[in-house]
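For the single chain, residues carry numbers from 1 onward in sequence order.
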Amino acid sequence: MRKPTNTIHLPTNLASPSSSYSPPLRTIQTCNFTPFPYKPTKLSFRVSSSHSEDSPSSSSSSSQTLTLISILRAVPDWADAVKERRMQQKKSLYNHETWVQHRSSWRHIRHLLSSLSSRVILSLIPPVIAFTSVATIIASYNSAVISHWLPEFFPLLRASSLPYQLTAPALALLLVFRTEASYSRFEEGRKAWTKIIAGTNDFARKVIAGVESSGDALLKKALLQYIMAFPVALKCHVIYGSDVRQDLQNLLEVDDLAVVLSSKHPPRCIIEFISLTLQLLHLDDAKRLVLESKLTCFHEGIGVCEQLMGIPIPLSYTRLTSRFLVLWHLTLPIILWDDCNWIVVPATFISAASLFCIEEVGVLIEEPFPMLALDELCKLAHNNIQESIASEKLIRAQLLAKRKNSSDNKHSTNGRFNSEVNRKTG
């Protein structure tokens, strides 16, 4: 059945309402649409620039921007890479010859000649170059204004030096306190590792002297291996980039090494090995209690190291120092222009190199463990324990021989004394 159609009458000509003319009407036929349910549609929007994506001008400008950014980032990235690579180098312990060289009268010349290889100096290259460039730009601008190369409404950038004279002591105190706080962290880390190494040697000595049963020989050997492995595992735990497998593969058995590597906290896993081994040894309660008390030193060492690793100097203090230094050197050429003119460029260079060097030293020693010779300390503890193990039998044999000789001399002395008494009384 065909549905009826609707008609709409439209005028064929338009006239103003005031006109009396009535235009004829034209009839048009409309189409009928069957109703359908409403479904919401998703609208997608796309932001387009004035240039098309394939526009040569936009691609060239973006490539130029990327090139400029890469150039600006090249020097800081290079300096950071050199600094981090130097941080991972193994430090060495001082000996008598090293101390003689350290206090030599030629040390100043030696330190000056090695400046280009210093990680502190290399890390100063980005900020020093930046602030020296700013000083050069300001000096060039002021020279152009003075020479009337620019319109007269361009002002001369200069200011009174009184604000700098008032804030200079505050900046000095801020740098001193920042460096002192970093050094206190370094000293705390050094003392913590001194206790760890001393506790490792003492623990091993008590195990060597206290475990005498022949049935515990294998457990005694394993226990000494765990004790020697603990400082190495803790060193790998606190120094970034350490290879735990490589450092422990010569200290632990393959099965034990697999368990340690699979754990989330290798130092605590080794402490668990030590604790369970002490429970399996045939010892009286007094000796076992003494040996277990030595584990307290290991737990305290882990706590101190993790605290120094996880809690830096308050970040607000570090940020305040950095912002103060940046604002100081950005405005330094303006303050010194009246007195120095173009000398503001070398003056800014010297000031930035000096003050940022002090701040950089504080940042470096804030994390103390890469600055300590932990590899040498662990190796020294390992060698001491190995020497104690090797000399145990020899020292024990000599002491037993001395005791036997003393008992024989006593018996012989008593025999001569008794024979003399018998002869006199007979």
Side-chain angles (χ1 to χ4, degrees), residues 79 81-124 179-180 182-205 208 224 227-243 246-251 297 301 304-305 308 353-354 357-358 360-392 394-395:
V82 173
K83 180 171 63 175
E84 294 301 324
R85 187 165 60 250
R86 298 286 178 83
M87 291 284 287
Q88 295 178 3
Q89 289 181 353
K90 295 182 179 180
K91 310 299 185 297
S92 59
L93 295 174
Y94 271 35
N95 51 27
H96 296 290
E97 291 77 10
T98 312
W99 279 112
V100 171
Q101 185 182 10
H102 179 73
R103 58 176 177 263
S104 173
S105 301
W106 293 94
R107 65 182 182 273
H108 304 292
I109 298 177
R110 185 177 65 252
H111 297 163
L112 180 62
L113 295 177
S114 62
S115 298
L116 296 179
S117 61
S118 172
R119 63 174 178 268
V120 176
I121 300 299
L122 293 177
S123 63
L124 294 179
T179 308
E180 180 65 24
S182 298
Y183 181 76
S184 64
R185 289 171 55 86
F186 173 81
E187 186 68 13
E188 187 176 359
R190 186 190 63 82
K191 290 181 179 179
W193 269 93
T194 301
K195 291 181 180 179
I196 291 170
I197 298 300
T200 300
N201 291 327
D202 189 29
F203 196 178
R205 179 187 62 82
I208 293 172
L224 291 173
I227 294 173
M228 290 186 291
F230 173 77
V232 178
L234 183 58
K235 182 263 300 183
C236 296
H237 183 65
V238 298
I239 293 184
Y240 175 74
S242 300
D243 191 348
Q246 182 178 359
D247 291 344
L248 293 179
Q249 63 182 358
N250 296 326
L251 298 176
C297 177
V304 173
C305 291
L308 291 175
S354 303
C357 183
I358 298 173
E360 183 67 22
V361 170
V363 172
L364 286 179
I365 65 176
E366 184 180 359
E367 184 185 0
F369 306 115
M371 309 299 296
L372 298 173
L374 298 186
D375 291 283
E376 292 291 330
L377 290 175
C378 295
K379 184 179 179 180
L380 181 62
H382 176 266
N383 293 337
N384 292 337
I385 295 173
Q386 290 288 358
E387 184 180 359
S388 299
I389 295 173
S391 60
E392 177 200 6
L394 178 61
I395 295 174

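- The side chain to side chain contact (heavy atoms under 4.5 Å, CB included) check on Glu367 picks up Met309, Pro370, with sequence neighbours excluded.
- The side chain to side chain contact (heavy atoms under 4.5 Å, CB included) check on Leu380 picks up Leu93, Asn384, with sequence neighbours excluded.
- For His237, the ring pair (Phe, Tyr, Trp, His ring centres under 6.0 Å) partners at least two apart in sequence or on another chain are His265.
- Annotation: His111, atom NE2; neighbour count of heavy atoms from other residues, nucleotides and ligands within 6.0 Å is above 12.
- Every residue two or more places apart in sequence or in another chain that forms a salt bridge (charged side-chain N to carboxylate O under 4.0 Å, His left out) with Glu187 is listed here: Arg190.
- Sequence neighbours left out, the pairs with a member in residues 228-241 that pass salt bridge (Lys or Arg N to Asp or Glu O under 4.0 Å) are Lys235-Asp247, Lys235-Asp375.
- Shown here are the side chain to side chain contact (heavy atoms under 4.5 Å, CB included) partners of Asn383, two or more places apart in sequence or in another chain: Lys379.
- Among residue pairs with one or both ends in residues 101-122, none qualify as salt bridge (Lys or Arg N to Asp or Glu O under 4.0 Å); sequence neighbours excluded.
- Partners of Trp99 by ring pair (Phe, Tyr, Trp, His ring centres under 6.0 Å), not counting sequence neighbours, listed by chain and number: Tyr94, His102.
- For Ser123, the side chain to side chain donor-acceptor pair (under 3.5 Å) test picks out Glu360, with sequence neighbours left out.
- Among residues two or more places apart in sequence or in another chain, the side chain to side chain donor-acceptor pair (under 3.5 Å) test is passed with Thr98 by Asn95.
- Note on residues 382-391: no pairs pass salt bridge (Lys or Arg N to Asp or Glu O under 4.0 Å), not counting sequence neighbours.
- Judged as a side chain to side chain contact (heavy atoms under 4.5 Å, CB included), and not counting sequence neighbours, the contacts of Arg205 are Asp202.
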